[in-house]
> 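Below: one structure in structure tokens.
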Amino acid sequence: MTGAGEVQSERTRLAVAGARATVAVALRNQPRRDVILHALFAGLLLLAILLALAGLAALLIQALVRGAPALGPDLFTNVPSTINPEQAGFRPAIIGSLELIAGVILFVVPIGVGAAIYLEEYADKTRWWNRVIEVNIQNLAAVPSIIYGILGLAFIVRGPLDLGFILAAGSLTLALLVLPVVIIAGREAIRAVPDSIRQGSLALGATRWQTIRHQVLPAAIPGVATGVILAVSRALGEAAPLLLVGAVVFITFDPTPFSADGYSALPVQIFQYATRPQEAFQELAFAGVIVMLVVLLAMNSFAIWLRNRYERRW
Amino acid sequence: MTSSKWFMILASVSVLALGVAACGDDEESSGGGGDLSGTIRIDGSSTVAPLSEAVAEQFQGENPDVRVTVGTSGTGGGFEKFCAGETAISDASRAIEADEVEACEKAGISFEEVRVATDALTVVVNPQNPVNCLTTEQLKAVWGPASTLSSWSEIPDLEDEFSEDLQLFGPGTDSGTFDYFTEEINGEEGASRKDYNNVGEDDNATVNGVKGAPGGMGYFGFSYFTENEGSLKALEIDGGKGCVAPSVETAQNDEYVPLSRPLFIYPSGEALEEEVVKEFVDYYLENVNDIAEAVGYIPLTEEQLQASQDAVATLG
Amino acid sequence: MDASGSGAEGPGGQTASRLQAPGRRLGEKTIEVMLALCGVLSVLTTTAIVISLVGPTIGFFQLVPIGDFLFGTEWTPQFEPPSFGVLEIVVGTLNVTLWAMVFAIPIGLGAAIYLSEYAAPRVRKTVKPILEILAGIPTVAIGIFAVSFLLPEVIQRFWPGDFLGGAVGKPFMALAAGLGVGLMIVPIIASISEDAMSAVPRGLREGAYAMGATRMEVATRVVFPAALSGIVASVVLAISRAVGETMIVVLAAGSNPNLTFNPVESIQAMTAYIATTATGDISTGSVDYKSVFAVGTVLFVMTLAMNMLSIRLVRRYREVYE
């Protein structure tokens with residue numbers, strides 16, 4: 001018995017030693033060319049990231065440098081001025097943008113989450129109409145934003161809804177634009193919740209809706225929240241559809257959602273300033289870019305914090 | 001716990017936005033000054049917009065309860081909204097066209113063409129360029145639809161020696177500037193050579209382009225020239241009466257031909273029935289000459305101003 | 001209260017609901033219907049888009065023969081006489097998109113591979129959010145950056161002399177917009193590809209390492225092919241976004257319809273044409289205004305086709321683990 005065991009371990013020992021030696025030889029004998037190739041490859045990858053980061057840095061620095069002369073608290077409290085561009089500010093545009101995205105959130109969260117829940121929890125994926133809805137949502141996520149502007153003009157401002165050129169119409173147009181993003185993110189978040197959670201809840205006698213409401217949704221909220229924030233960031237930065245649904249560029253009072261007096265938004269105002277000849281307007285355009293970047297940075301940081309704080313590991 | 005926190009965040013964002021809006025409203029209604037109140041919507045040409053904006057700003061300064069907004073949907077887009085009754089005044093860098101007149105008539109909107117300023121379309125070249133003056137025939141030779149000129153030396157009857165390559169910069173084909181220039185110089189609206197640098201909405205690009213190319217030539221509105229007078233040279237244009245440089249005097253005296261174009265506003269009869277609009281339009285005409293030069297346009301002459309005021313009187 | 005032993009089915013199963021009290025089942029049904037309506041809204045949106053485009057497009061084709069539109073080579077709607085060959089602005093869009101992808105694919109994929117296979121977790125944690133910031137930058141800002149910095153300071157400074165006509169003296173060019181659009185879509189490619197690569201099971205990698213493969217070999221021969229469906233999906237999505245981008249091309253690419261793929265020429269993209277014409281000075285009853293809707297239809301059809309292609313490709317190449 002002992003003899004066989006000793007022979008076994010001897011064989012094993014030899015085998016292991018042989019394997020080790022082979023691998024060591026193979027590694028040591030890597031041709032020079034391969035080593036260089038691998039280092040080059042890693043270097044190229046690093047270069048790729050650095051280029052992307054450099055582009056971002058250049059953009060931020062240029063905006064800061066060109067827009068610095070116009071920065072100051074006045075930017076937030078003053079109204080646009082054509083006579084005195086040095087004293088112009090973005091107040092109505094900022095308030096307009098805030099109200100626009102408040103409207104977007106109010107629309108997009110219930111409907112987006114609702115659609116995501118339906119598609120993931122209730123829909124029978126073999127039915128054709130459910131597949132149509134799925135494909136539809138993916139298509140809508142890729143449609144250019146200016147097409148949504150045309151849609152808004154034809155259906156929301158005029159046409160069936162006939163809201164007129166009010167801020168709520170702009171809000172609705174933007175909401176339709178980013179709804180697919182929320183739905184897709186929501187579906188991912190709901191899908192990530194393990195089935196065992198659902199099964200456990202149903203096993204205890206809960207109805208399907210109770211399961212969703214008390215188990216699935218709370219677990220999916222970080223993912224949904226990330227999706228909503230991504231959607232809101234996109235909506236905040238879009239100018240093209242708003243140009244078509246009536247955002248004006250000169251307004252000296254604070255806009256409100258339903259008044260027919262007109263409204264403006266930050267990216268629209270920036271775009272207009274960038275094409276005016278006076279140097280003061282150019283500075284204003286860059287200052288506006290800085291304001292937008294700061295807001296977006298804040299929102300993105302909030303999203304990341306949210307994701308890290310509430311992320312659950314299954 | 002997390003879901004209620006989430007709803008709280010949502011709720012506070014909305015409340016915050018609405019609260020700020022409400023606060024804003026309060027500020028507006030407190031204030032002395034004029035006792036006029038109401039809303040005036042203006043939309044249309046982005047060329048006339050700076051003028052309307054400046055007037056609106058001053059007017060609102062004196063009448064804090066009045067709200068004026070100015071949009072830049074373009075002359076055509078402005079008329080579309082105007083003839084649908086959605087705006088009170090339409091800014092226009094060209095006269096209203098037949099199909100637009102028809103649309104207004106169908107909707108029962110009456111209007112008048114009110115001239116508010118003149119724009120002197122300026123042809124600019126690089127400061128190194130020795131040429132000072134071009135005739136309209138020479139301009140047509142350069143810009144006409146059949147033109148294939150590629151160098152300054154190829155321009156017929158050019159007195160100066162200059163052999164740089166022609167680098168042409170022009171405004172977008174859907175702008176009033178393009179329409180006006182092609183009609184006056186090439187004889188037909190829209191008739192132009194196709195191979196020039198089209199700068200679209202951004203006339204600043206013409207400034208930069210001509211600055212950067214020794215043989216550059218471009219055209220745009222007067223305000224873009226006055227803003228960049230140090231780095232560009234304006235050509236004198238010979239429209240049959242000798243070489244004339246663009247300036248306030250020459251445009252007003254009708255010497256700078258054919259490139260002075262009128263700028264209009266179109267108030268509607270219905271809007272003028274409201275006191276606030278009537279006051280605004282009167283204020284506009286009273287003050288436009290002071291404002292025009294500041295914004296970069298040519299003020300109206302006494303006669304032109306009187307004609308405009310008469311036009312408003314027939315309507316209101 | 002039913003202490004029902006729930007069936008083995010998952011969310012789509014019927015066993016659970018069959019064992020519930022009838023009243024509750026009605027409430028459940030109502031909720032299901034309400035949620036279904038949310039999903040149906042997407043179909044309504046697509047229908048609305050189609051309707052808003054179709055009417056004026058048909059009006060347009062009553063005035064302009066469809067053959068001229070699809071096969072003509074000059075797009076000069078406001079010139080006299082007008083020409084409506086849409087190919088010129090389609091190629092304009094493709095020109096910008098091409099250079100955007102030339103820039104974004106290597107950088108996006110390189111970043112994705114680096115983050116997924118090479119980077120230490122701490123590096124990953126800092127770099128990934130920074131890339132997401134890039135994704136959130138408003139396109140107006142990127143457009144202004146492209147035309148006021150990338151064009152004069154980067155392209156015009158480093159472009160070799162007169163190659164392809166030279167870059168000097170041009171206020172707009174396709175490459176400037178291409179770099180801007182590329183910068184905008186790098187995060188899309190990087191983040192979706194990186195997610196796809198992370199989803200490849202560690203077992204595959206470890207098996208390869210155990211057989212003596214190097215990091216580079218694992219990255220290129222094991223992980224990349226395994227994640228291919230996600231990578232392809234990200235690239236197609238990026239192309240869709242590039243084709244549909246408006247503000248960057250309006251500010252940086254120009255308004256010169258030009259049938260060329262030359263990067264240093266100025267071109268006009270379809271989206272830019274729609275934006276500037278719809279807000280320009282032309283009369284809204286005219287044929288050039290209607291051309292806006294015809295171009296919009298072309299754009300919509302293009303993004304639809306690309307999306308269908310993406311779905312099909314993903315289905316074909318998707319690897320299922322366990």
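The sequence lines fix the lettering, A, B, ..., with proteins before strands; numbering per chain opens at 1.
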> Once side-chain contact (heavy atoms from CB on, under 4.5 Å) is applied, do any residues pair with C:Pro129, and if so which ones, sequence neighbours excluded?
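Partners of C:Pro129 by the side-chain contact (heavy atoms from CB on, under 4.5 Å) criterion, ordered by chain and then number, come out as A:Ile304.
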
> Less than 4.5 Å to any heavy atom of chain B: does that hold for the side chain of C:Gln268, its backbone, both, or neither?
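Neither part; nothing is under 4.5 Å.
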
> Could you give the distance from CZ (B:Phe178) to CZ (C:Phe79), rounded to the nearest 0.5 Å?
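Between atom CZ of B:Phe178 and atom CZ of C:Phe79 there are 4.0 Å.
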
> Would you please name every residue forming a side-chain contact (heavy atoms from CB on, under 4.5 Å) with B:Ser260, sequence neighbours left out?
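By the side-chain contact (heavy atoms from CB on, under 4.5 Å) rule, B:Ser260 matches B:Thr118, B:Ala251, B:Tyr256.
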
> With a strict 4.5 Å heavy-atom criterion, list every residue of residues 191-199 of chain B that contacts chain C, or say none.
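Residues of residues 191-199 of chain B touching chain C at under 4.5 Å: B:Ala191, B:Ser192, B:Arg193, B:Lys194, B:Tyr196, B:Asn197, B:Asn198, B:Val199.
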
> For chain B, which residues of residues 246-259 of chain C have at least one non-hydrogen atom nearer than 4.5 Å to it?
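Result: C:Gly254, C:Ser255, C:Asn256.
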
> Please classify the contact of B:Glu189 with chain C as side chain, backbone, both or neither, using a heavy-atom distance under 4.5 Å.
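For B:Glu189, the backbone is the part near chain C, not the side chain.
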
